[in-house]
Every structure is written in C-alpha cells, then in structure tokens.
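Every chain is numbered from 1, with letters handed out A, B, ... down the list of sequences.
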Protein chains: 2
Amino acid sequence: MHHFDYIDQQILLQIREDARKPFSQIADELKISNSLVHQRIRKLKQRGVIDQAEFIVNEKQIGFRTKSYVGIKLREARYAEKVVEGLKEIPEIQECNYVSGNYAIFILIFAYDNQHLRKILYEQVHQIDGVAGTDSFICFDTNFKRPVSLDAIVKTKKYD
Amino acid sequence: MHHFDYIDQQILLQIREDARKPFSQIADELKISNSLVHQRIRKLKQRGVIDQAEFIVNEKQIGFRTKSYVGIKLREARYAEKVVEGLKEIPEIQECNYVSGNYAIFILIFAYDNQHLRKILYEQVHQIDGVAGTDSFICFDTNFKRPVSLDAIVKTKKYD
DNA sequence: ACTGAAAGGTCTAAATG
DNA sequence: CATTTAGACCTTTCAGT
C-alpha cells in the first residue's frame with residue numbers, strides 16, 4: 001500500500017472528478033507551484049495509482065438503452081480462460097470478471113435494446129464452447145454511480 | 001437518438017481514451033481548426049453525450065483489494081426507494097441499480113478486504129429496513145474492462 | 001458551420017534552493 | 001523534495017467567410 005500525503009490526496013480528489021482541471025488552478029488552491037502538481041501526477045501515474053484520463057460517454061445517448069449484468073455458468077471450470085477469450089471478441093461486453101458464487105464469470109453488457117441483448121446472448125455468448133448457460137440482470141435504472149471512495153487514503157491531519 | 005458525423009465520431013473516439021489530449025492535436029489529425037474541435041466538444045456536452053473527464057483511479061493501489069457485486073433481495077418491493085437511500089450513505093458502494101431477475105437491487109462494492117466487505121454487509125446493508133438478504137459475487141480477477149463500444153455511431157463512410 | 005488570428009492562460013524542463 | 005523561470009504550446013473568443 002502506497003503512502004499519500006496531503007498533496008497527493010487533494011490532487012487525487014480533484015482530478016478524478018475533473019481530469020481537465022488546470023494544474024495551475026489546483027496549485028493555487030493547494031498553495032503550491034503548478035510544476036509540483038505536475039510532478040505529483042506523473043508519480044501517481046508511475047506508481048500505477050492513476051492511469052489515463054477518460055471522457056465519460058453517456059451510453060444511452062449513443063444508442064445503448066439496455067444495460068445488463070450477466071452471470072455465466074460453465075460446463076466445466078477448466079473452460080474459463082477459453083470462454084474469456086471468446087467474450088473479449090464481443091464489443092458490447094464492457095467488463096468481464098471471474099467471480100465467486102453461483103457463476104464462474106460475470107460480465108456487463110450494453111446493447112441497443114432487449115432484443116439486441118437477447119441476440120448477443122443467444123447467437124454469441126451461448127455459442128462459446130464451455131458456456132453452460134447465463135442469467136441476466138437487466139438494469140431498469142442506475143440509481144447512482146460514483147468514483148470509488150478515497151477514505152482509505154485521506155487522513156484528517158493536514159500533514160502526516 | 002443523436003446524429004454523429006465523422007468529426008463527432010473521431011473526437012469521441014479520441015477523447016474518451018485520453019481526455020487530456022490537446023484539442024489542437026485532434027484538429028491537426030482531422031485537418032480542421034482547433035476552434036471547431038472546441039465547438040464540437042461543447043455541443044457534445046450540451047447534448048449530454050459526454051459529461052466530465054475523469055482520471056481513472058486504480059482501486060487496488062489505494063487499498064481496495066476486494067471488489068464484489070452484490071444482489072439484494074427485499075422483504076417487499078415497495079421498500080426499494082428507501083433502501084437505495086440507505087445504500088447511498090455507504091461510501092464503499094460505487095454503483096447501485098434496479099434490476100430484473102432474482103434480485104431487486106444490484107450494487108458494486110469496493111472494500112479493503114473480505115473481512116471489511118463482510119462488515120459492510122452485516123453491519124450496514126443488512127441493517128437497512130426492507131433488506132431481506134444479499135448474495136455476493138466476489139471478483140477474483142477482472143479480465144478486462146473497456147469503454148463501451150462506439151460501433152453504434154460509427155459509420156464506415158467518411159461523410160454521411 | 002467553420003476558420004483564422006490574437007490574447008491570455010497553461011505546461012514542462014532545466015536549473016536552483 | 002519543492003520552486004522558479006522562460007519558452008513552447010494550448011485554449012478560448014470573436015470577427016469574418
């Protein structure tokens with residue numbers, strides 16, 4: 001686990017919510033030089049704490065109205081890697097995890113509509129060798145979605 | 001559903017993978033003026049297609065080693081809204097959806113470790129009035145995670 | 001809708017404390 | 001580890017096509 005001082009914490013808090021926020025503005029607020037902001041961000045990247053900045057695209061606005069989590073059951077556990085390879089080829093799948101519990105693999109799919117989702121599942125996912133079956137959890141509504149809590153690294157003291 | 005011409009598509013493709021890419025560089029590649037890039041991005045924001053740029057924080061590197069999807073069953077369906085209010089108060093919950101299927105609500109949690117996850121579930125989630133029970137799908141590994149496909153808006157022709 | 005130009009602001013590297 | 005400086009680069013606005 002890394003160490004994050006007050007400056008790191010504040011920089012993280014700010015840029016994860018607005019990646020285009022000018023470094024000089026962050027510097028002003030923290031009363032440090034803008035070059036230091038830059039240095040710290042470079043180090044955070046080197047350490048793997050942050051990666052790239054991404055513009056968040058609203059899926060609905062580009063035509064994906066059906067969001068669904070899907071649990072995948074395998075015929076036998078040893079098919080797992082092969083199945084993941086197959087899933088990777090389906091662009092509508094945004095995320096893919098190995099999980100504990102009822103399913104071996106858990107994915108997140110964005111489809112145009114429910115029909116499109118069914119088509120992806122029947123014509124693509126179910127055709128992958130090793131897939132025994134799927135259960136879909138279609139999202140009617142996303143109540144909230146937010147950045148992961150930074151409580152773990154934020155101290156109450158200003159310097160530590 | 002919006003219309004996206006070649007310029008919109010290319011801008012989206014680029015900035016969603018690197019939100020800090022200079023507009024002037026995008027302009028050069030598309031052989032348009034940087035003011036136009038600027039204008040288009042403003043319009044994409046106005047239309048709600050993109051929102052803010054975010055630096056993606058690697059959860060593991062800030063101490064969250066346990067990622068888990070959790071399905072929530074309700075005592076009665078009418079508790080749903082109240083339960084969501086309760087869930088919103090738990091900072092480790094990153095995402096919360098109403099879903100079809102076995103569960104009423106589906107959430108994504110980041111915890112320090114499995115013990116911490118158990119604590120959140122037992123001491124917080126299960127205490128919310130209306131929650132009948134939960135099933136956890138702990139992520140052993142995330143095989144891939146990527147931006148949603150832009151196929152829906154990308155045409156093969158250069159101008160349309 | 002799109003461009004070009006100009007003013008103002010921002011970034012980054014090197015040198016310094 | 002933090003800051004300053006200075007030139008290069010970028011963004012923003014607006015008048016013009």
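- Residues A:Ile107 and A:Tyr69 form no side-chain contact, since every pair of their non-hydrogen atoms from C-beta on lies 4.5 Å or further apart.
- Atom-to-atom, NE2 of A:His3 to P of D:dC1 comes out at 11 Å; the value is rounded to the nearest Å.
- Following rounding to the nearest Å, B:Lys31 (NZ) and C:dA1 (C1') show an atom-to-atom distance of 20 Å.
- When the C1' atom of D:dC9 is taken as reference, atom CZ of A:Phe23 falls 14 Å away, rounded to whole Å.
- OP1 or OP2 of D:dA2 sits under 4.0 Å from a side-chain N or O of A:Arg40.
- One interatomic measurement links the two molecules: CG of A:Asp28 to C1' of D:dT3, which rounds to 14 Å at whole-angstrom precision.
- Residues B:Ile105 and B:Asn97 form no side-chain contact, since every pair of their non-hydrogen atoms from C-beta on lies 4.5 Å or further apart.
- Rounded to whole angstrom, the span from the CD1 atom of B:Ile26 across to the P atom of D:dC10 amounts to 11 Å.
- Computed from coordinates, the A:Ile32 CD1 to D:dT4 C1' distance equals 14 Å when rounded to whole Å.
- Contact check for A:Asp51 versus B:Asn58: no side-chain heavy atoms found under the 4.5 Å cut-off.
- Using a 4.0 Å heavy-atom distance criterion, B:Lys43 is classed as a sugar-phosphate-only contact.
- The side chain of B:Arg20 places no N or O atom within less than 4.0 Å of a non-bridging phosphate oxygen (OP1 or OP2) of D:dT11.
- The shortest distance between the side-chain N/O atoms of B:His38 and the OP1/OP2 oxygens of D:dT11 is not below 4.0 Å.
- No contact: B:Gln25 has no heavy atom under 4.0 Å from any strand.
- Between A:Lys45 atom NZ and C:dT12 atom C1' the separation is 13 Å, expressed in whole Å.
- You won't find any donor-acceptor pair under 3.5 Å spanning the side chain of A:Ser35 and the base of D:dA2, going by distance alone.
- Checked against the 6.0 Å centroid threshold, B:Phe106 and A:Phe106 count as a close aromatic pair.
- When rounded to the nearest whole Å, the span between OH of A:Tyr6 and C1' of D:dA2 equals 17 Å.
- Of the candidate nucleotides C:dT12, C:dT3, D:dA2, D:dA2 has the atom lying nearest to any side-chain atom of A:Leu36.
- For B:Asn34, counting side-chain heavy atoms from C-beta on, the closest listed nucleotide (D:dA2, D:dT11, D:dT13) is D:dT11.
- The side chain of A:Ser24 places an N or O atom within less than 4.0 Å of a non-bridging phosphate oxygen (OP1 or OP2) of C:dT10.
- Under a cutoff of 6.0 Å and an axis angle of 45°, A:Arg47 and A:Phe4 form a cation-pi pair.
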